[in-house]
2 protein chains.
Amino acid sequence: MWLAAAELRPVGRDAYATELEAAKASSTLQLLFKAARLLNERAVERLRRLTKVPVRAAHTTLLPHIDLEGTRLTELARRLGVSKQAVGQLVDELVEMGVLERAADPADARAKLVRFTRRGRAGLFEGLAVLKELERELEQRLGAATMRTVHDALGVMVASYGEAAPRR
Amino acid sequence: MWLAAAELRPVGRDAYATELEAAKASSTLQLLFKAARLLNERAVERLRRLTKVPVRAAHTTLLPHIDLEGTRLTELARRLGVSKQAVGQLVDELVEMGVLERAADPADARAKLVRFTRRGRAGLFEGLAVLKELERELEQRLGAATMRTVHDALGVMVASYGEAAPRR
DNA sequence: CGATATCGTCAAGCGTGCTTGACTATACGC
DNA sequence: GCGTATAGTCAAGCACGCTTGACGATATCG
């Protein structure tokens with residue numbers, strides 16, 4: 001759109017040449033943002049349609065941090081970098097949906113272990129299957145070698161820019 | 001974390017083998033989401049520190065759709081796929097920050113053209129510079145060839161999964 | 001001219017994802 | 001046993017990014 005704009009203004013074009021150059025040079029990151037947003041939308045959309053569970057992005061962020069034997073709320077909050085109350089609400093919703101359950105922690109009577117229900121585990125498989133399916137589609141378009149390069153590059157990016165700062 | 005969990009449960013490990021496989025296979029997309037989130041955070045953070053303008057993600061989504069000669073509110077809403085009222089509020093904030101201004105549209109007395117102020121254009125340069133800087137950092141880590149492969153792959157992803165559905 | 005559509009704005013409200021503060025129950029160190 | 005820290009919950013509230021509805025002003029078409 002910037003390019004189009006500049007083309008409409010023959011006067012002053014030179015003044016914006018640098019700008020356009022910069023815009024073009026920066027497009028890899030803009031592409032990254034856009035690609036992530038689009039793929040995330042597609043994944044959540046497919047999963048919702050598949051499982052009839054009104055799962056949201058916040059839930060899918062939470063789920064991978066739950067260990068199979070169960071994880072304490074406080075620990076989840078620590079891993080996510082948010083308050084335990086915030087996580088508590090997400091867990092409430094997922095319990096309501098039949099995905100998670102709370103069990104007493106045998107090691108500590110104050111604590112409860114948040115863990116998957118049988119149905120939750122099944123849904124998890126479906127969720128992973130959805131991601132896998134999207135990845136297969138991408139791999140068909142991109143080729144295995146490119147896919148691998150992209151994978152490794154993304155790994156480097158994540159490693160370079162670190163994790164969410166832990167809270168309190 | 002799934003891996004660690006499975007390792008703690010020697011019994012039942014086979015039952016989760018498929019799951020773990022799926023989780024590993026799906027990690028390219030998870031990496032994509034994480035990389036996009038981290039890089040976006042860094043970019044907004046640097047820009048804010050640099051310009052002292054409390055710019056948010058919603059603003060940076062809006063700005064690239066504003067043509068240099070100015071763009072109507074309705075047109076911006078159409079391009080973004082949201083209501084004109086929503087865009088109006090973002091524009092209000094950016095006007096308050098001194099980044100944008102509203103000018104009468106000579107072609108239509110009902111309409112106003114949203115466009116950059118001088119200072120806004122300067123800030124835009126800085127914003128692009130920040131992205132460019134982040135990209136340079138990445139390119140140093142990844143190498144030019146990989147960077148180019150990633151760029152093209154992201155382009156394919158965006159093209160494959162299309163644009164935001166236009167509203168009304 | 002008049003009917004109708006469009007541009008921008010005012011107002012109110014909602015869902016999401018968080019926060020802080022306060023409180024109970026249990027654990028643990030001295 | 002007692003003081004203090006920790007796990008989870010209840011409650012209230014906030015910022016953000018949106019929405020819908022209504023309206024005045026201007027444009028456009030017949």
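All chains are named by letter (A, B, ...) in the order of the sequence lines, taking the proteins before the strands, and each is independently numbered beginning at 1. Keep in mind that the numbers below use all heavy atoms, side chains included, and drop hydrogens, waters and symmetry copies.
Distance CG (A:L80) to P (C:dC18): 8 Å, rounded to an integer number of Å. The nearest whole Å value for the distance from the CZ atom in A:R72 to the P atom in D:dA5 is 18 Å. If you take CZ of A:R78 and C1' of D:dA7, they are 15 Å apart, rounded to a whole angstrom. Going from atom CG of A:L76 over to atom P of D:dA7 covers 12 Å, rounded to whole Å. One atom, CG of B:L90, and another, P of D:dC16, lie 11 Å apart when rounded to the nearest Å. Counting to the nearest Å, the P atom of D:dA7 and the CG atom of A:D105 are 10 Å from each other. Following rounding to the nearest Å, B:R79 (CZ) and C:dC7 (P) show an atom-to-atom distance of 13 Å. As rounded to whole Å, 12 Å separates atom C1' of D:dC18 from atom CD of B:E93.
With contacts defined as side-chain heavy-atom distances shorter than 4.5 Å, the pair B:L47/B:H59 does not qualify. Residues B:K132 and B:R136 are in side-chain contact: their nearest non-hydrogen atoms beyond the backbone lie under 4.5 Å apart. Two residues are said to be in side-chain contact when any heavy atoms from C-beta on lie closer than 4.5 Å; B:R141 and B:E137 meet this criterion. When side chains are defined from C-beta on, A:R72 counts as touching A:L113, because their heavy atoms get closer than 4.5 Å. In this structure, the side chains of A:L94 and A:M97 come closer than 4.5 Å at one or more pairs of heavy atoms.
Each of B:L113 and A:H59 was assigned the nucleotide of DNA chain C with the nearest heavy atom; the assignment lying further toward the 5' end belongs to B:L113. For B:E75 and B:Q89, each mapped to the nucleotide of DNA chain C holding its nearest heavy atom, the one lying further toward the 5' end belongs to B:E75.
Residues meeting the side-chain hydrogen bond (donor to acceptor under 3.5 Å, both in side chains) test with B:R56, sequence neighbours left out: B:E93. For A:R115, the side-chain hydrogen bond (donor to acceptor under 3.5 Å, both in side chains) partners two or more places apart in sequence, or in a different chain, are A:E101. By the salt bridge (charged side-chain N to carboxylate O under 4.0 Å, His left out) test, A:R102 pairs with A:D92, sequence neighbours left out.
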Legend entry - Verdict with reasoning, B:V156 to B:D152, per side-chain contact (heavy atoms from CB on, under 4.5 Å): CA-CA 6 Å; B:V156 171; B:D152 294 344; 5.7 Å; no
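Exactly one of A:L142, A:L32, A:L38, A:L31 qualifies for a side-chain contact (heavy atoms from CB on, under 4.5 Å) with B:M157. That residue is A:L142. When the options A:L154, A:V130, A:N40, A:L134 are evaluated for a side-chain contact (heavy atoms from CB on, under 4.5 Å) with B:L29, the one that passes is A:L134.
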Inset, instruction - Sugar-phosphate means primed atoms, P, OP1 and OP2; the rest is base. With that split, encode nucleotides 25-30 of chain D 5' to 3' as B, S or - using protein heavy atoms under 4.0 Å. - result: BBS---
Close N or O pairs between protein and nucleotides 9-11 of chain C (under 3.5 Å):
{"unit_1": "C:dT9", "atom_1": "OP1", "unit_2": "B:K112", "atom_2": "NZ", "d": "3.1"}
{"unit_1": "C:dT9", "atom_1": "OP2", "unit_2": "B:R102", "atom_2": "NH1", "d": "2.9"}

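Between D:dC18 and B:S83, no contact under 4.0 Å exists linking OP1 or OP2 to a side-chain N or O. Under 4.0 angstrom from either OP1 or OP2 of C:dG8 there lies at least one side-chain N or O belonging to B:T74.
Using a 4.0 Å cutoff on non-hydrogen atoms, no part of residues 49-58 of chain A comes near DNA chain D.
A salt bridge links B:E75 with B:R78: the distance from a Lys NZ or Arg NE/NH1/NH2 to an Asp or Glu carboxylate oxygen falls below 4.0 Å.
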